[in-house]
Amino acid sequence: MKKIALASGILLQLCFIKAQDTIQSRNLKEDLAVINSGYTIQEKTPFFQKEWVKKSVAPALLFTAAAATWGEKENIREVRNRYLPNFKVKYDDYLQYAPAVAVYGLKLAGVKGRNNIGRATLSYGTSLAIMAILVNSIKYTAKVERPDGSKNNSFPSGHAAMAFTNASFLHKEYGLVNPAYSIAGYGSATLTGLGRNLNNRHWVPDILAGAGIGIISTELGYFFIDKIYKNKGDNLSMLSRIQGNDYPSFLALKMGTALGTTNFLKESELDDKKQIGFEGGLEGAYFFSKKWGVGADISFSSFPIKSQRITLDDGQDFGDHEIKTQSMGFLSAGIGPYFSHEISDKWQLTVKITGGYAATANGKVFVRGEGIDAPNHELQIASYKPKPAFRWNTGASMTYKFNPGLGLTFYTDYNQINSTIRYYFSDDIKESAELDQELNNLIAKEKINYITLGLRLTAYF
């Protein structure tokens with residue numbers, strides 16, 4: 001019970017932190033006086049007072065709490081199972097949307113907030129897109145089983161991410177008007193997260209991580225839309241008025257096509273072609289000068305695996321059966337040096353090299369044929385589990401700047417991962433001592449090399 005109280009306390013404390021930040025930022029008359037007087041804010045801001053640092057505190061605390069409670073998630077669930085084993089109240093399915101409904105209700109009622117309804121909707125839509133990319137990329141890579149055993153997509157909580165995205169949306173639009181709106185929004189989001197745990201649908205770390213993703217997604221959504229509008233239609237905020245350090249520091253959303261340069265499952269004999277997939281993610285860099293900086297990226301890439309015909313040792317087909325392997329997905333993160341060169345006011349060249357970590361999703365292997373009496377005529381024969389591996393990445397990009405704060409970037413990256421994959425076969429195969437010994441000790445070392453070509457929406461700060 002102490003664990004549940006602690007987790008709930010962390011979320012509620014963050015609500016009051018957000019509200020206090022709102023109260024401290026309401027001295028708008030002085031800010032507007034500075035703007036109208038023609039002066040530009042140029043004073044150097046201490047690191048811990050920088051806007052992006054302050055906005056990172058709440059997500060960082062939530063992600064840290066998720067990591068800290070991971071090893072205790074079973075014990076926390078036991079408390080729930082002991083005192084509320086039959087709790088089933090699906091209010092969390094609806095409460096997650098309440099803050100967003102409140103925003104639109106206030107705007108339709110004529111209550112003036114940070115933005116008009118059109119720009120608020122753009123910011124909200126961008127936030128939802130970022131949240132969906134982050135949540136689903138992690139869900140279907142981590143494949144954590146839900147506490148009720150229903151599915152393997154527990155981490156992170158999508159409901160918590162949605163609830164805190166909506167709460168942050170309410171905070172952004174009306175927190176400056178009255179901090180009570182922020183408290184109500186984050187309070188309802190906290191109750192949504194608590195409901196996911198009480199309904200036995202999520203572990204506590206799932207909820208904490210989802211809350212962090214929801215908050216940071218909204219911050220990113222507003223960051224990009226502010227750059228596009230250059231503060232047009234922004235009734236209260238001064239964010240876009242503050243000048244940067246004139247270095248090419250940036251944050252970007254990216255999406256591209258991934259082209260395999262190796263056969264990913266060649267050693268496993270499950271793939272005989274170079275595959276084409278997709279990549280999406282976030283990338284950013286902080287520059288200490290106009291040329292040099294340190295950057296990082298987090299990306300998700302997925303590659304379909306083409307089905308293979310089953311053949312005998314003499315090369316003849318084994319009827320109309322084939323081997324079908326689930327797609328390979330990679331969740332990767334890396335950090336390293338970045339170099340930038342300004343070709344002109346409109347064009348920026350950037351090159352990089354990074355090293356980091358790649359987690360590969362587990363998958364299943366099926367035999368498929370019309371004669372198999374099973375759903376979709378498929379029978380699972382094995383599953384595969386890759387080990388996490390080192391990933392190195394190098395690339396170059398060219399950005400066209402629409403204005404000093406926003407640009408469209410064409411990028412190309414090369415990625416290399418040396419993956420070790422272990423195969424686990426079905427119980428039917430295990431019944432044969434000879435096959436069990438031969439197949440269930442099967443480990444393949446695969447070279448995963450691919451090039452990505454894509455576009456980034458790049459915002460400079």
Side-chain angles (χ1 to χ4, degrees), residues 4-19 21-22 55 57-63 65-66 69 76 80 87-106 120-121 123-139 144 146-147 153-175 179-222:
I4 293 177
L6 176 61
S8 301
I10 290 173
L11 294 177
L12 288 170
Q13 181 65 26
L14 290 172
C15 299
F16 291 107
I17 291 174
K18 286 280 187 179
D21 286 345
T22 300
K55 292 179 185 301
V57 170
L61 286 174
L62 288 163
F63 294 145
T69 56
I76 297 172
R80 177 264 177 199
F87 186 94
K88 283 189 179 181
V89 181
K90 299 298 184 180
Y91 73 87
D92 46 325
D93 288 336
Y94 310 101
L95 187 61
Q96 61 178 321
Y97 302 111
V101 172
V103 170
Y104 285 104
L106 289 166
T121 300
S123 300
Y124 180 50
T126 304
S127 304
L128 290 178
I130 295 171
M131 182 270 291
I133 291 171
L134 292 175
V135 168
N136 288 295
S137 296
I138 299 172
K139 264 184 182 293
V144 175
R146 290 181 182 268
N153 62 349
S154 186
F155 181 85
S157 168
H159 278 64
M162 176 63 77
F164 277 85
T165 297
N166 291 334
S168 297
F169 179 42
L170 178 59
H171 168 71
K172 285 286 190 183
E173 290 298 321
Y174 287 100
Y181 290 121
S182 299
I183 294 172
Y186 286 109
S188 68
T190 300
L191 290 175
T192 298
L194 181 61
R196 299 309 284 166
N197 180 257
L198 293 178
N199 281 305
N200 206 31
R201 295 291 290 163
H202 281 287
W203 311 96
V204 167
D206 304 344
I207 298 162
L208 294 169
I213 289 173
I215 293 172
I216 201 168
S217 296
T218 306
E219 295 291 355
L220 291 172
Y222 272 79

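Model, not experiment: these values are computed from the prediction.
Taken from OG in S127 to CD1 in I216, the straight-line distance is 11.5 Å, to the nearest 0.5 Å. L208 CG to F63 CZ: the interatomic distance, rounded to the nearest 0.5 Å, is 10.5 Å. Rounding to the nearest 0.5 angstrom, the gap separating the OG1 atom in T190 from the CG atom in L95 is 10.0 Å. Separating the CG atom in N166 from the CE atom in M131 is a distance of 7.5 Å, to the nearest 0.5 Å. Here the straight-line distance linking atom OG1 of T165 with atom OH of Y97 works out to 11.0 Å at 0.5 Å rounding. Expressed to the nearest 0.5 Å, how far CG of N153 lies from CZ of R146 amounts to 4.5 Å.
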Q. What's the verdict on side chain to side chain donor-acceptor pair (under 3.5 Å) for Y186 and S168, showing C-alpha distance, side-chain angles and the deciding distance?
A. CA-CA 7 Å; Y186 286 109; S168 297; 3.0 Å; yes
**Q.** side chain to side chain contact (heavy atoms under 4.5 Å, CB included) assessment of V103 paired with Y124
**A.** CA-CA 10 Å; V103 170; Y124 180 50; over 6 Å; no
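Neither side chain, S182 nor Y174, offers a donor N or O lying under 3.5 Å from an acceptor on the other. A donor and an acceptor atom, one from each side chain of Y104 and E173, are nowhere located under 3.5 Å apart.
Considering every non-hydrogen atom in both A209 and A66, the closest pair reads N-CB, 3.9 Å. Closest of all the heavy-atom pairs between G221 and I130 is N-CD1, 3.8 Å. The minimum heavy-atom distance linking T69 with P205 is given by the pair OG1-CG, 3.4 Å. Nearest heavy atoms, P156 versus I213: CG-CD1, 3.7 Å. Of all non-hydrogen atoms in A211 and A160, the two that sit nearest each other are N-CB, 4.1 Å. Pairing each heavy atom of L62 with each of G212, the nearest pair is CD1-N, 3.5 Å.
Remark: the backbone N or O of L191 is not paired with any side-chain donor or acceptor of D92 at under 3.5 angstrom. Side-chain atoms of H202 come within 3.5 Å of backbone atoms of S154 as a donor-acceptor pair (strictly under, hydrogens ignored).
Looking only at side-chain heavy atoms (C-beta outward), N197 and W203 stay at 4.5 Å or farther from each other. In this structure, R196 and D93 have side chains that are in contact, with non-hydrogen atoms separated by less than 4.5 Å.
For K88, the NZ atom sits in a loose shell: 12 or fewer heavy atoms of surrounding residues, nucleotides or ligands are nearer than 6.0 Å. Remark: Y94 OH is loosely packed, at most 12 non-hydrogen atoms of other residues, nucleotides or ligands lying under 6.0 Å away.
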